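What follows is one structure encoded as C-alpha coordinates, with my remarks underneath.
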2 protein chains.
Amino acid sequence: MAGEERRLQILAVAVSLFSARGFRGTTTKEIAQAAGVSEAMVFRHFATKEELYAAILDHKACASVDKFEPAETAREAISRKDDRSVFEGLALGALEHHQHDPDFQRLLLYSALEKHELAQMFFDRFVLRVYEFLGSYISERQRDGAFVEVDPAIVVRSFIGMVMHHSLNNNLWDPTRRLLNISNEVAAKNFTDILLNGITTPTSNPNSRRNVQSGNGSRNKQTKE
Amino acid sequence: MAGEERRLQILAVAVSLFSARGFRGTTTKEIAQAAGVSEAMVFRHFATKEELYAAILDHKACASVDKFEPAETAREAISRKDDRSVFEGLALGALEHHQHDPDFQRLLLYSALEKHELAQMFFDRFVLRVYEFLGSYISERQRDGAFVEVDPAIVVRSFIGMVMHHSLNNNLWDPTRRLLNISNEVAAKNFTDILLNGITTPTSNPNSRRNVQSGNGSRNKQTKE
DNA sequence: GTCTATAAATAGATAGAC
DNA sequence: GTCTATCTATTTATAGAC
(Lines give C-alpha, C1' and ligand atoms only; values in the text may rest on other atoms or scores of the structure.)
Protein backbone atom coordinates (compact mmCIF):
# COMPACT_ATOMS: atom_id res chain seq x y z
CA MET A 1 0.00 0.00 0.00
CA ALA A 2 1.25 3.47 -0.87
CA GLY A 3 2.54 5.71 1.89
CA GLU A 4 -0.20 8.28 1.96
CA GLU A 5 -2.92 5.70 1.60
CA ARG A 6 -1.56 3.67 4.48
CA ARG A 7 -1.23 6.79 6.57
CA LEU A 8 -4.88 7.62 6.04
CA GLN A 9 -5.92 4.08 6.82
CA ILE A 10 -4.02 4.10 10.11
CA LEU A 11 -5.55 7.48 10.88
CA ALA A 12 -9.03 6.11 10.25
CA VAL A 13 -8.74 3.08 12.52
CA ALA A 14 -7.06 5.24 15.15
CA VAL A 15 -10.00 7.64 15.12
CA SER A 16 -12.35 4.82 15.89
CA LEU A 17 -10.16 3.40 18.65
CA PHE A 18 -9.24 6.70 20.31
CA SER A 19 -12.87 7.78 20.27
CA ALA A 20 -13.90 4.50 21.85
CA ARG A 21 -11.21 4.24 24.52
CA GLY A 22 -9.53 7.62 24.79
CA PHE A 23 -5.84 8.40 24.40
CA ARG A 24 -4.47 6.46 27.33
CA GLY A 25 -6.97 3.66 26.85
CA THR A 26 -5.78 2.91 23.33
CA THR A 27 -2.53 1.07 22.65
CA THR A 28 -0.41 1.37 19.55
CA LYS A 29 -0.56 -2.39 19.33
CA GLU A 30 -4.35 -2.31 19.01
CA ILE A 31 -4.13 0.37 16.35
CA ALA A 32 -1.62 -1.67 14.38
CA GLN A 33 -3.74 -4.82 14.64
CA ALA A 34 -6.90 -2.99 13.58
CA ALA A 35 -5.03 -1.62 10.58
CA GLY A 36 -3.63 -5.05 9.81
CA VAL A 37 -0.01 -3.95 10.05
CA SER A 38 2.81 -4.18 12.54
CA GLU A 39 3.40 -1.61 15.22
CA ALA A 40 6.56 -0.53 13.45
CA MET A 41 4.41 0.68 10.56
CA VAL A 42 2.41 2.93 12.86
CA PHE A 43 5.58 4.55 14.15
CA ARG A 44 6.88 4.90 10.62
CA HIS A 45 3.98 7.21 9.76
CA PHE A 46 3.65 8.90 13.15
CA ALA A 47 6.74 9.47 15.24
CA THR A 48 4.86 9.12 18.52
CA LYS A 49 1.44 8.08 19.72
CA GLU A 50 0.87 11.67 20.79
CA GLU A 51 1.56 12.88 17.25
CA LEU A 52 -1.01 10.45 15.88
CA TYR A 53 -3.56 11.66 18.39
CA ALA A 54 -2.87 15.30 17.57
CA ALA A 55 -3.24 14.58 13.86
CA ILE A 56 -6.66 13.08 14.52
CA LEU A 57 -7.92 15.90 16.70
CA ASP A 58 -6.59 18.45 14.28
CA HIS A 59 -8.24 16.73 11.33
CA LYS A 60 -11.58 16.32 13.13
CA ALA A 61 -11.60 19.85 14.50
CA CYS A 62 -10.66 21.48 11.21
CA ALA A 63 -13.16 19.41 9.28
CA SER A 64 -15.82 20.41 11.73
CA VAL A 65 -14.93 24.10 11.58
CA ASP A 66 -14.88 24.02 7.80
CA LYS A 67 -18.20 22.23 7.70
CA PHE A 68 -19.79 24.90 9.86
CA GLU A 69 -18.10 27.92 8.38
CA PRO A 70 -20.27 28.10 5.30
CA ALA A 71 -23.58 27.54 7.12
CA GLU A 72 -25.12 29.13 4.06
CA THR A 73 -28.66 28.31 5.06
CA ALA A 74 -28.05 29.92 8.44
CA ARG A 75 -26.72 33.13 6.93
CA GLU A 76 -29.57 33.21 4.50
CA ALA A 77 -32.13 32.70 7.26
CA ILE A 78 -30.43 35.40 9.29
CA SER A 79 -30.67 37.88 6.43
CA ARG A 80 -34.40 37.14 6.26
CA LYS A 81 -34.63 37.44 10.05
CA ASP A 82 -36.38 34.10 10.05
CA ASP A 83 -35.74 33.20 13.68
CA ARG A 84 -37.25 29.77 13.42
CA SER A 85 -35.12 28.82 10.45
CA VAL A 86 -31.97 30.18 12.05
CA PHE A 87 -32.23 28.11 15.21
CA GLU A 88 -33.91 25.07 13.74
CA GLY A 89 -31.41 24.92 10.91
CA LEU A 90 -28.38 25.16 13.15
CA ALA A 91 -29.79 22.60 15.56
CA LEU A 92 -30.60 20.15 12.81
CA GLY A 93 -27.15 20.57 11.31
CA ALA A 94 -25.47 19.85 14.63
CA LEU A 95 -27.73 16.91 15.47
CA GLU A 96 -27.19 15.33 12.06
CA HIS A 97 -23.45 15.84 12.38
CA HIS A 98 -23.33 14.20 15.79
CA GLN A 99 -25.48 11.31 14.66
CA HIS A 100 -23.55 10.76 11.47
CA ASP A 101 -20.19 11.00 13.22
CA PRO A 102 -20.56 9.99 16.86
CA ASP A 103 -16.79 9.58 17.14
CA PHE A 104 -16.49 13.33 16.87
CA GLN A 105 -18.30 14.10 20.09
CA ARG A 106 -16.53 11.34 21.97
CA LEU A 107 -13.11 12.51 20.81
CA LEU A 108 -13.93 16.05 21.80
CA LEU A 109 -15.08 15.00 25.24
CA TYR A 110 -12.15 12.69 25.85
CA SER A 111 -9.65 15.32 24.78
CA ALA A 112 -11.33 17.94 26.94
CA LEU A 113 -11.29 15.68 29.98
CA GLU A 114 -7.67 14.78 29.29
CA LYS A 115 -6.93 18.50 28.92
CA HIS A 116 -5.34 18.12 25.53
CA GLU A 117 -4.29 21.46 24.11
CA LEU A 118 -6.19 20.83 20.89
CA ALA A 119 -9.43 20.60 22.83
CA GLN A 120 -8.89 24.16 24.01
CA MET A 121 -7.94 25.18 20.50
CA PHE A 122 -11.18 23.78 19.16
CA PHE A 123 -13.06 25.69 21.81
CA ASP A 124 -11.33 28.94 20.88
CA ARG A 125 -11.64 28.49 17.16
CA PHE A 126 -15.14 27.05 16.98
CA VAL A 127 -17.29 27.46 20.08
CA LEU A 128 -16.19 31.05 20.62
CA ARG A 129 -17.16 31.92 17.07
CA VAL A 130 -20.54 30.29 17.35
CA TYR A 131 -21.23 32.37 20.42
CA GLU A 132 -20.23 35.55 18.59
CA PHE A 133 -22.16 34.57 15.50
CA LEU A 134 -25.39 33.61 17.21
CA GLY A 135 -24.99 36.21 19.93
CA SER A 136 -24.80 39.08 17.49
CA TYR A 137 -27.92 37.86 15.72
CA ILE A 138 -29.77 37.70 19.00
CA SER A 139 -28.63 41.22 19.87
CA GLU A 140 -29.93 42.43 16.55
CA ARG A 141 -33.31 40.84 17.12
CA GLN A 142 -33.43 42.37 20.57
CA ARG A 143 -32.89 45.80 19.05
CA ASP A 144 -35.72 44.94 16.67
CA GLY A 145 -37.90 44.34 19.70
CA ALA A 146 -38.43 40.76 18.58
CA PHE A 147 -36.55 39.13 21.47
CA VAL A 148 -36.75 39.95 25.16
CA GLU A 149 -33.82 41.66 26.80
CA VAL A 150 -31.59 38.93 28.18
CA ASP A 151 -27.85 38.36 27.89
CA PRO A 152 -27.46 36.87 24.39
CA ALA A 153 -24.72 34.55 25.68
CA ILE A 154 -27.24 32.98 28.03
CA VAL A 155 -29.59 32.36 25.14
CA VAL A 156 -26.82 30.78 23.11
CA ARG A 157 -25.76 28.67 26.08
CA SER A 158 -29.33 27.51 26.59
CA PHE A 159 -29.92 26.52 23.01
CA ILE A 160 -26.57 24.85 22.48
CA GLY A 161 -27.16 23.10 25.77
CA MET A 162 -30.40 21.55 24.55
CA VAL A 163 -28.84 20.42 21.30
CA MET A 164 -25.51 19.16 22.62
CA HIS A 165 -27.05 17.42 25.59
CA HIS A 166 -29.52 15.66 23.34
CA SER A 167 -26.71 14.37 21.15
CA LEU A 168 -24.73 13.41 24.22
CA ASN A 169 -27.63 11.37 25.51
CA ASN A 170 -28.09 9.64 22.18
CA ASN A 171 -24.40 8.89 21.76
CA LEU A 172 -23.34 8.19 25.30
CA TRP A 173 -25.97 7.23 27.81
CA ASP A 174 -29.09 6.24 25.96
CA PRO A 175 -28.20 4.92 22.51
CA THR A 176 -31.32 2.74 22.51
CA ARG A 177 -33.46 5.85 23.07
CA ARG A 178 -35.31 4.54 26.10
CA LEU A 179 -35.85 8.02 27.46
CA LEU A 180 -36.65 9.88 24.28
CA ASN A 181 -36.91 8.48 20.80
CA ILE A 182 -37.44 11.25 18.28
CA SER A 183 -35.99 12.16 14.91
CA ASN A 184 -33.47 14.95 14.61
CA GLU A 185 -36.06 17.00 12.75
CA VAL A 186 -38.56 16.74 15.57
CA ALA A 187 -35.87 17.46 18.14
CA ALA A 188 -34.65 20.55 16.30
CA LYS A 189 -38.19 21.81 15.90
CA ASN A 190 -39.10 21.28 19.54
CA PHE A 191 -35.93 22.83 20.91
CA THR A 192 -36.56 25.84 18.71
CA ASP A 193 -40.17 26.03 19.83
CA ILE A 194 -39.14 26.03 23.45
CA LEU A 195 -36.40 28.57 22.96
CA LEU A 196 -38.63 30.96 21.05
CA ASN A 197 -41.96 30.39 22.77
CA GLY A 198 -41.34 28.59 26.04
CA ILE A 199 -43.81 26.04 27.34
CA THR A 200 -46.24 28.16 29.31
CA THR A 201 -49.60 28.89 27.76
CA PRO A 202 -50.30 32.62 27.33
CA THR A 203 -53.22 32.78 29.71
CA SER A 204 -52.04 30.55 32.49
CA ASN A 205 -49.31 32.54 34.16
CA PRO A 206 -49.84 36.11 35.39
CA ASN A 207 -46.09 36.57 35.69
CA SER A 208 -45.53 35.44 32.14
CA ARG A 209 -43.77 37.84 29.81
CA ARG A 210 -42.86 40.10 32.65
CA ASN A 211 -39.46 40.69 31.15
CA VAL A 212 -40.94 42.31 28.11
CA GLN A 213 -42.66 45.40 29.36
CA SER A 214 -40.06 47.55 31.02
CA GLY A 215 -42.34 50.34 32.20
CA ASN A 216 -45.67 48.81 33.16
CA GLY A 217 -44.60 45.82 35.18
CA SER A 218 -46.55 46.97 38.20
CA ARG A 219 -49.72 45.79 36.59
CA ASN A 220 -48.58 42.18 36.94
CA LYS A 221 -49.87 40.68 40.13
CA GLN A 222 -47.36 38.77 42.23
CA THR A 223 -50.00 36.78 44.07
CA LYS A 224 -51.12 33.43 42.81
CA GLU A 225 -54.59 33.01 41.43
CA MET B 1 -3.33 5.28 60.78
CA ALA B 2 -6.36 3.10 61.47
CA GLY B 3 -7.65 0.83 58.72
CA GLU B 4 -10.89 2.54 57.94
CA GLU B 5 -9.36 5.98 58.15
CA ARG B 6 -6.61 5.02 55.74
CA ARG B 7 -9.13 3.46 53.43
CA LEU B 8 -11.12 6.66 53.25
CA GLN B 9 -8.00 8.71 52.69
CA ILE B 10 -6.94 6.56 49.75
CA LEU B 11 -10.48 6.78 48.41
CA ALA B 12 -10.37 10.57 48.64
CA VAL B 13 -7.11 11.03 46.76
CA ALA B 14 -8.21 8.44 44.22
CA VAL B 15 -11.38 10.42 43.54
CA SER B 16 -9.34 13.46 42.71
CA LEU B 17 -6.91 11.54 40.50
CA PHE B 18 -9.48 9.42 38.66
CA SER B 19 -11.63 12.47 38.01
CA ALA B 20 -8.63 14.34 36.65
CA ARG B 21 -7.14 11.60 34.46
CA GLY B 22 -9.76 8.88 34.12
CA PHE B 23 -9.40 5.22 35.00
CA ARG B 24 -6.72 4.22 32.55
CA GLY B 25 -4.94 7.54 32.91
CA THR B 26 -4.40 7.08 36.64
CA THR B 27 -1.75 4.71 38.00
CA THR B 28 -1.85 2.96 41.33
CA LYS B 29 1.61 4.35 41.94
CA GLU B 30 0.31 7.92 41.64
CA ILE B 31 -2.53 7.15 44.00
CA ALA B 32 -0.13 5.69 46.54
CA GLN B 33 2.19 8.66 46.31
CA ALA B 34 -0.65 11.15 46.63
CA ALA B 35 -1.82 9.29 49.73
CA GLY B 36 1.71 9.20 51.10
CA VAL B 37 1.84 5.43 51.29
CA SER B 38 3.31 2.56 49.32
CA GLU B 39 1.51 0.84 46.49
CA ALA B 40 1.19 -2.26 48.63
CA MET B 41 -1.04 -0.30 51.00
CA VAL B 42 -3.42 0.57 48.20
CA PHE B 43 -3.77 -3.08 47.26
CA ARG B 44 -4.24 -4.00 50.90
CA HIS B 45 -7.42 -1.95 51.03
CA PHE B 46 -8.60 -2.57 47.47
CA ALA B 47 -7.85 -5.90 45.85
CA THR B 48 -7.63 -4.38 42.38
CA LYS B 49 -7.51 -0.98 40.76
CA GLU B 50 -10.90 -1.74 39.26
CA GLU B 51 -12.35 -2.38 42.70
CA LEU B 52 -11.09 0.98 43.91
CA TYR B 53 -12.64 2.69 40.91
CA ALA B 54 -15.96 0.94 41.43
CA ALA B 55 -15.98 1.94 45.09
CA ILE B 56 -15.55 5.55 44.07
CA LEU B 57 -18.24 5.56 41.42
CA ASP B 58 -20.59 3.74 43.72
CA HIS B 59 -19.96 6.19 46.53
CA LYS B 60 -20.36 9.24 44.31
CA ALA B 61 -23.45 7.94 42.57
CA CYS B 62 -25.20 6.87 45.76
CA ALA B 63 -24.35 10.14 47.49
CA SER B 64 -25.75 12.01 44.55
CA VAL B 65 -28.93 9.97 44.44
CA ASP B 66 -29.45 10.37 48.16
CA LYS B 67 -28.83 14.08 47.94
CA PHE B 68 -31.48 14.44 45.27
CA GLU B 69 -34.03 12.00 46.64
CA PRO B 70 -35.40 14.32 49.29
CA ALA B 71 -35.58 17.40 47.07
CA GLU B 72 -38.03 18.67 49.63
CA THR B 73 -38.21 22.14 48.19
CA ALA B 74 -39.00 20.65 44.79
CA ARG B 75 -41.82 18.50 46.12
CA GLU B 76 -43.19 21.40 48.05
CA ALA B 77 -43.08 23.66 45.00
CA ILE B 78 -44.77 20.93 42.97
CA SER B 79 -47.60 20.64 45.46
CA ARG B 80 -48.11 24.41 45.12
CA LYS B 81 -47.87 24.09 41.32
CA ASP B 82 -45.30 26.85 41.42
CA ASP B 83 -43.68 26.13 38.06
CA ARG B 84 -41.00 28.74 38.46
CA SER B 85 -39.89 27.39 41.82
CA VAL B 86 -39.91 23.81 40.61
CA PHE B 87 -37.56 24.38 37.70
CA GLU B 88 -35.47 27.14 39.21
CA GLY B 89 -34.98 25.16 42.39
CA LEU B 90 -33.91 21.99 40.65
CA ALA B 91 -31.59 23.90 38.35
CA LEU B 92 -29.97 25.77 41.20
CA GLY B 93 -29.50 22.58 43.16
CA ALA B 94 -27.78 20.88 40.26
CA LEU B 95 -25.61 23.88 39.40
CA GLU B 96 -24.50 24.27 43.00
CA HIS B 97 -23.75 20.57 43.23
CA HIS B 98 -21.64 20.63 40.08
CA GLN B 99 -19.80 23.74 41.16
CA HIS B 100 -19.17 22.46 44.66
CA ASP B 101 -18.05 19.05 43.44
CA PRO B 102 -16.64 19.32 39.92
CA ASP B 103 -15.04 15.89 40.28
CA PHE B 104 -18.49 14.39 40.18
CA GLN B 105 -19.29 15.48 36.66
CA ARG B 106 -15.84 14.53 35.39
CA LEU B 107 -16.06 11.06 36.94
CA LEU B 108 -19.47 10.56 35.44
CA LEU B 109 -18.31 11.59 32.00
CA TYR B 110 -15.14 9.55 32.12
CA SER B 111 -16.98 6.47 33.28
CA ALA B 112 -19.62 6.93 30.60
CA LEU B 113 -17.00 7.31 27.87
CA GLU B 114 -15.13 4.30 29.21
CA LYS B 115 -18.44 2.42 29.28
CA HIS B 116 -18.11 1.43 32.91
CA GLU B 117 -21.14 -0.49 34.09
CA LEU B 118 -21.65 1.85 37.04
CA ALA B 119 -22.16 4.73 34.64
CA GLN B 120 -25.12 2.91 33.18
CA MET B 121 -26.34 2.07 36.66
CA PHE B 122 -26.27 5.72 37.61
CA PHE B 123 -28.23 6.54 34.51
CA ASP B 124 -30.86 3.94 35.31
CA ARG B 125 -31.13 4.80 38.97
CA PHE B 126 -30.92 8.57 38.77
CA VAL B 127 -31.49 10.09 35.34
CA LEU B 128 -34.41 7.81 34.58
CA ARG B 129 -36.10 8.81 37.81
CA VAL B 130 -35.59 12.48 37.18
CA TYR B 131 -37.27 12.10 33.82
CA GLU B 132 -40.22 10.32 35.43
CA PHE B 133 -40.39 12.78 38.28
CA LEU B 134 -40.25 15.93 36.20
CA GLY B 135 -42.12 14.40 33.29
CA SER B 136 -45.14 13.52 35.38
CA TYR B 137 -45.26 17.04 36.78
CA ILE B 138 -45.17 18.46 33.28
CA SER B 139 -47.97 16.12 32.22
CA GLU B 140 -50.03 17.30 35.13
CA ARG B 141 -49.50 20.93 34.23
CA GLN B 142 -50.44 20.15 30.65
CA ARG B 143 -53.73 18.66 31.83
CA ASP B 144 -54.19 21.86 33.83
CA GLY B 145 -53.85 23.76 30.58
CA ALA B 146 -50.83 25.59 31.99
CA PHE B 147 -48.25 24.04 29.64
CA VAL B 148 -48.50 23.55 25.90
CA GLU B 149 -48.93 20.04 24.56
CA VAL B 150 -45.46 18.72 23.87
CA ASP B 151 -43.79 15.45 24.80
CA PRO B 152 -42.81 15.95 28.47
CA ALA B 153 -39.58 14.03 27.89
CA ILE B 154 -38.54 16.66 25.35
CA VAL B 155 -39.15 19.39 27.89
CA VAL B 156 -37.11 17.54 30.50
CA ARG B 157 -34.34 16.93 27.98
CA SER B 158 -34.30 20.60 27.05
CA PHE B 159 -34.13 21.88 30.58
CA ILE B 160 -31.59 19.36 31.83
CA GLY B 161 -29.61 20.13 28.70
CA MET B 162 -29.38 23.82 29.56
CA VAL B 163 -28.33 23.10 33.12
CA MET B 164 -25.90 20.26 32.48
CA HIS B 165 -24.30 21.95 29.51
CA HIS B 166 -23.79 25.10 31.54
CA SER B 167 -22.02 23.15 34.28
CA LEU B 168 -20.02 21.27 31.68
CA ASN B 169 -18.83 24.53 30.18
CA ASN B 170 -17.87 25.89 33.55
CA ASN B 171 -16.06 22.75 34.63
CA LEU B 172 -14.52 21.58 31.41
CA TRP B 173 -14.07 24.10 28.65
CA ASP B 174 -14.42 27.55 30.09
CA PRO B 175 -13.44 27.54 33.77
CA THR B 176 -12.39 31.19 33.51
CA ARG B 177 -15.89 32.08 32.29
CA ARG B 178 -14.77 33.92 29.16
CA LEU B 179 -17.98 33.11 27.34
CA LEU B 180 -20.47 33.60 30.13
CA ASN B 181 -19.80 34.69 33.68
CA ILE B 182 -22.95 34.54 35.77
CA SER B 183 -23.88 33.27 39.19
CA ASN B 184 -25.74 30.00 39.57
CA GLU B 185 -28.76 31.94 40.75
CA VAL B 186 -28.86 34.07 37.61
CA ALA B 187 -28.29 31.02 35.44
CA ALA B 188 -31.08 29.05 37.09
CA LYS B 189 -33.45 31.97 36.79
CA ASN B 190 -32.67 32.61 33.13
CA PHE B 191 -32.90 28.97 32.10
CA THR B 192 -36.25 28.80 33.82
CA ASP B 193 -37.41 32.00 32.14
CA ILE B 194 -36.51 30.62 28.75
CA LEU B 195 -38.11 27.26 29.38
CA LEU B 196 -41.33 28.77 30.63
CA ASN B 197 -41.57 31.89 28.49
CA GLY B 198 -39.17 31.54 25.59
CA ILE B 199 -37.37 34.56 24.20
CA THR B 200 -39.81 35.89 21.63
CA THR B 201 -41.83 38.97 22.55
CA PRO B 202 -45.59 38.39 22.44
CA THR B 203 -46.31 40.79 19.60
CA SER B 204 -43.39 40.11 17.31
CA ASN B 205 -44.12 36.66 15.94
CA PRO B 206 -47.40 35.80 14.22
CA ASN B 207 -46.60 32.10 14.50
CA SER B 208 -45.95 32.42 18.19
CA ARG B 209 -48.04 30.26 20.48
CA ARG B 210 -49.40 28.28 17.59
CA ASN B 211 -49.04 25.11 19.60
CA VAL B 212 -51.57 26.28 22.09
CA GLN B 213 -54.80 26.58 20.20
CA SER B 214 -55.63 23.17 18.84
CA GLY B 215 -58.80 24.08 16.97
CA ASN B 216 -58.35 27.57 15.56
CA GLY B 217 -54.87 27.39 14.15
CA SER B 218 -56.05 28.42 10.71
CA ARG B 219 -56.32 31.98 11.87
CA ASN B 220 -52.54 32.18 12.20
CA LYS B 221 -50.99 33.52 9.05
CA GLN B 222 -48.02 31.63 7.71
CA THR B 223 -46.70 34.56 5.72
CA LYS B 224 -44.24 36.96 7.22
CA GLU B 225 -45.30 40.49 7.96
C1' DG C 1 6.95 -0.30 2.55
C1' DT C 2 6.88 -4.05 5.74
C1' DC C 3 8.28 -7.24 9.00
C1' DT C 4 10.53 -9.66 13.36
C1' DA C 5 12.97 -8.96 17.31
C1' DT C 6 13.92 -6.42 21.03
C1' DA C 7 15.00 -2.49 24.04
C1' DA C 8 13.54 0.41 27.96
C1' DA C 9 10.18 1.96 30.81
C1' DT C 10 6.06 1.42 33.29
C1' DA C 11 1.89 -0.93 34.57
C1' DG C 12 -0.76 -3.77 38.10
C1' DA C 13 -0.15 -6.86 41.64
C1' DT C 14 2.29 -10.03 45.27
C1' DA C 15 5.70 -11.87 48.92
C1' DG C 16 7.45 -11.49 53.01
C1' DA C 17 9.97 -8.84 56.61
C1' DC C 18 9.09 -5.60 60.43
C1' DG D 1 -0.49 -1.40 59.33
C1' DT D 2 3.44 -0.49 56.58
C1' DC D 3 7.35 -1.06 53.85
C1' DT D 4 10.98 -2.83 50.31
C1' DA D 5 11.79 -5.81 46.81
C1' DT D 6 10.22 -8.20 43.10
C1' DC D 7 7.37 -10.64 39.51
C1' DT D 8 4.92 -10.54 35.23
C1' DA D 9 2.71 -8.40 31.56
C1' DT D 10 2.23 -4.57 28.82
C1' DT D 11 3.53 -0.24 26.59
C1' DT D 12 5.93 2.91 23.64
C1' DA D 13 9.43 2.99 20.64
C1' DT D 14 13.65 1.44 17.86
C1' DA D 15 17.03 -1.54 15.05
C1' DG D 16 17.87 -3.79 11.31
C1' DA D 17 16.76 -7.46 7.84
C1' DC D 18 13.96 -8.16 3.55
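A quick note: this is a predicted structure, and the numbers were derived from the prediction, not measured.
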For [X], give me all partners under ring pair (Phe, Tyr, Trp, His ring centres under 6.0 Å), at least two apart in sequence or on another chain.
X        : value
B/Tyr131 : none
A/Phe159 : A/Phe87
B/His116 : B/Tyr53

Worksheet item: Yes or no on side-chain contact (heavy atoms from CB on, under 4.5 Å) for B/His97 and B/Asp101, after CA distance, side-chain angles and deciding distance?
Response: CA-CA 6 Å; B/His97 182 199; B/Asp101 183 11; 4.2 Å; yes

Practice prompt. Go along nucleotides 4-18 of chain D 5' to 3' and tag each nucleotide: B for a protein heavy atom under 4.0 Å from its base, S when only backbone or sugar atoms are that close, - otherwise.
Written response: B------SBBBB---

Discussion item. Quick test of your reading: applying salt bridge (Lys or Arg N to Asp or Glu O under 4.0 Å), list the pairs with at least one residue in residues 110-136 of chain A, sequence neighbours left out, ordered by first then second residue.
Written reply: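 Counting only pairs at least two positions apart or across chains, the salt bridge (Lys or Arg N to Asp or Glu O under 4.0 Å) contacts touching residues 110-136 of chain A are A/Glu69-A/Arg129, A/Asp124-B/Arg178.
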
Worksheet item: When you measure from every atom of DNA chain C, which of residues 2-14 of chain B have a heavy atom less than 4.0 Å away?
Response: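 Within this stretch, nothing sits under 4.0 Å of the strand.
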
Discussion item. Between B/Asp103 and B/Arg106, does any side-chain N to carboxylate O distance fall below 4.0 Å?
Written reply: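 Here B/Asp103 does not pair with B/Arg106 in a salt bridge, since their nearest N and O are not under 4.0 Å apart.
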
Practice prompt. Nearest 0.5 Å please: distance from the OG atom of B/Ser19 over to the CZ atom of B/Phe104.
Written response: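 The OG atom of B/Ser19 sits 12.0 Å away from the CZ atom of B/Phe104.
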
Item to complete: Measure the CD1-CG distance between B/Ile160 and B/Leu90 for me, rounded to the nearest 0.5 Å.
Response: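 If I round to the nearest 0.5 Å, the distance is 9.0 Å.
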
Worksheet item: To the nearest Å, how far apart are B/Phe46 CZ and C/dA13 P?
Response: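 Result: 13 Å.
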
